[in-house]
Amino acid sequence: MDEAAIRRLLEQVRAGETTPDDAVDALRHLPYADLGFATVDHHRQVRQGMAEAIYGPGKTADQVARIAAELLARTDEAAVVLTRADHAQIEAAVEANPGAEVRGTTVVWRPAPARPERVVLLTAGTADLPVADECDATLTAHGLCPVRITDVGVAGIHRLLARTDELLDADAVIVVAGMEGALASVVGGLTGAPVVAVPTSVGYGSGLEGVTATLGMLASCGAACAVARMFVSPQGERRASGPAADTRTTP
């Protein structure tokens, strides 16, 4: 249940359109709903500004469809996102819950209106695109329409440098890279915007299925500096805060 739904419920009680008992029954489901196989967190929208995401792997098609239905029934404005879904899960979820937008393995209901924040989404190589596509779909679900910059890995750094203006203009940057994960560190040196590094398993030899990229990204910046960059712009001004500027994501 999101804030808009809570406010509307209280207004309905005040106007006599809903009885106090019915309001109490609705609020009883506010923290979570127990479906037997899943405990759906309805309070996350109130705490964090976005509803709980549905992670497809490990769930049956029917379970995915029922979780989506529960989230859609209890929130009026929040986007509902299903990620890493297979064909059967997508088919069941969309059939049971009309109005979905399907983008690859990601399904979105009720995408948020467009927001003004500027997000740049980069990939080191074309092989990193599936992860970037999922990220793009999730950003768009929450009203953020990223600028895509693809295949600009450090093996041909001139490709990245040609897009420097877009990096400097960004409010946040997401870097998706495998191999040794060097792209995130390079981007961090070009832009003052917060950089979120996403390792992929693309690579061979000592890439260790993404472990090398992960370690490289973890070593590229200290936690304190990363947090400081979230609050201060390159010009020394404090970045905007509050619901309109909140670009957090929910695991």
Side-chain angles (χ1 to χ4, degrees), residues 1-6 8-9 25-26 28-115 117 119 121 123 126-148 150 174 176 196 198 200-202 243 246-251:
M1 183 176 288
D2 53 33
E3 289 189 20
I6 295 173
R8 183 164 55 256
L9 179 62
D25 183 62
R28 187 175 292 117
H29 294 88
L30 174 60
Y32 62 88
D34 188 351
L35 302 184
F37 59 87
T39 306
V40 182
D41 183 4
H42 286 309
H43 198 260
R44 192 172 303 186
Q45 168 67 19
V46 179
R47 297 195 314 270
Q48 298 187 336
M50 59 182 65
E52 179 180 16
I54 309 168
Y55 182 65
K59 297 180 177 67
T60 67
D62 179 66
Q63 288 172 340
V64 166
R66 289 178 60 187
I67 294 172
E70 177 64 27
L71 288 169
L72 288 165
R74 299 295 177 179
T75 59
D76 293 334
E77 297 181 356
V80 175
V81 181
L82 165 62
T83 66
R84 303 288 176 92
D86 60 29
H87 177 74
Q89 290 171 331
I90 293 173
E91 189 175 62
V94 171
E95 182 178 353
N97 304 283
E101 296 181 9
V102 181
R103 297 182 59 182
T105 61
T106 305
V107 184
V108 177
W109 291 266
R110 288 197 310 240
R115 292 166 51 167
E117 293 86 3
V119 179
L121 174 58
T123 65
T126 305
D128 299 308
L129 279 176
V131 176
D133 289 343
E134 181 182 357
C135 183
D136 189 334
T138 303
L139 286 169
T140 303
H142 294 98
L144 298 163
C145 301
V147 174
R148 296 286 295 264
T150 301
I174 300 174
V176 182
V196 178
V198 182
T200 72
S201 58
V202 172
D246 187 354
T247 57
R248 294 172 296 175
T249 59
T250 304

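Nothing fancy with the numbering, it's 1 onward along the sequence. Please read all numbers here as calculations on a predicted model, not as lab measurements.
You'll find the side chain of Ile174 reaches within 4.5 Å of the side chain of Leu139, heavy atoms only. Contact annotation: the side chain of Val81 approaches that of His142 to within less than 4.5 Å [non-hydrogen atoms, C-beta and beyond]. Contact check for Cys135 versus Val198: no side-chain heavy atoms found under the 4.5 Å cut-off.
A salt bridge (Lys or Arg N to Asp or Glu O under 4.0 Å) check over residues 86-100, counting only residues at least two apart or in different chains, returns nothing. Applying the salt bridge (Lys or Arg N to Asp or Glu O under 4.0 Å) test to every pair with at least one member in residues 132-147, sequence neighbours left out, gives these pairs: Arg84-Glu134, Arg103-Asp136, Asp133-Arg148, Asp136-Arg148.
Annotation: side-chain contact (heavy atoms from CB on, under 4.5 Å) contacts of Pro130 (sequence neighbours excluded): none. With sequence neighbours excluded, the residues forming a side chain to side chain donor-acceptor pair (under 3.5 Å) with Thr200 are Asp128, listed by chain and number. In this structure Ala100 satisfies the side-chain contact (heavy atoms from CB on, under 4.5 Å) test together with Val94, Val107, Trp109, sequence neighbours excluded.
Separating the OG1 atom in Thr83 from the CD1 atom in Ile54 is a distance of 8.5 Å, to the nearest 0.5 Å.
Residues Val202 and Ala127 come closest through the heavy atom pair CG2-O, 3.7 Å. Here the closest non-hydrogen pair linking Gly104 and Ile90 is O-CD1, 3.6 Å. Between Ala88 and Ala61, the shortest heavy-atom distance links the atoms O-CB, 3.6 Å. Taking all atoms of both residues into account, the shortest heavy-atom contact from Ala79 to Pro111 is CB-CA, 4.3 Å. Here the shortest heavy-atom pairing between Leu144 and Glu117 reads CD2-OE1, 3.6 Å. Summarising the geometry of Lys59 relative to Ile67, their closest heavy-atom pair is CE-CD1, 3.8 Å, with the distance given to 0.1 Å.
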### Task
Go through Glu101 and Thr140 one step at a time and tell me if the side-chain contact (heavy atoms from CB on, under 4.5 Å) criterion holds.
CA-CA 11 Å; Glu101 296 181 9; Thr140 303; 5.8 Å; no

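Gln89 contributes no side-chain N or O that, together with a main-chain N or O of Val64, makes up a donor-acceptor pair within less than 3.5 Å.
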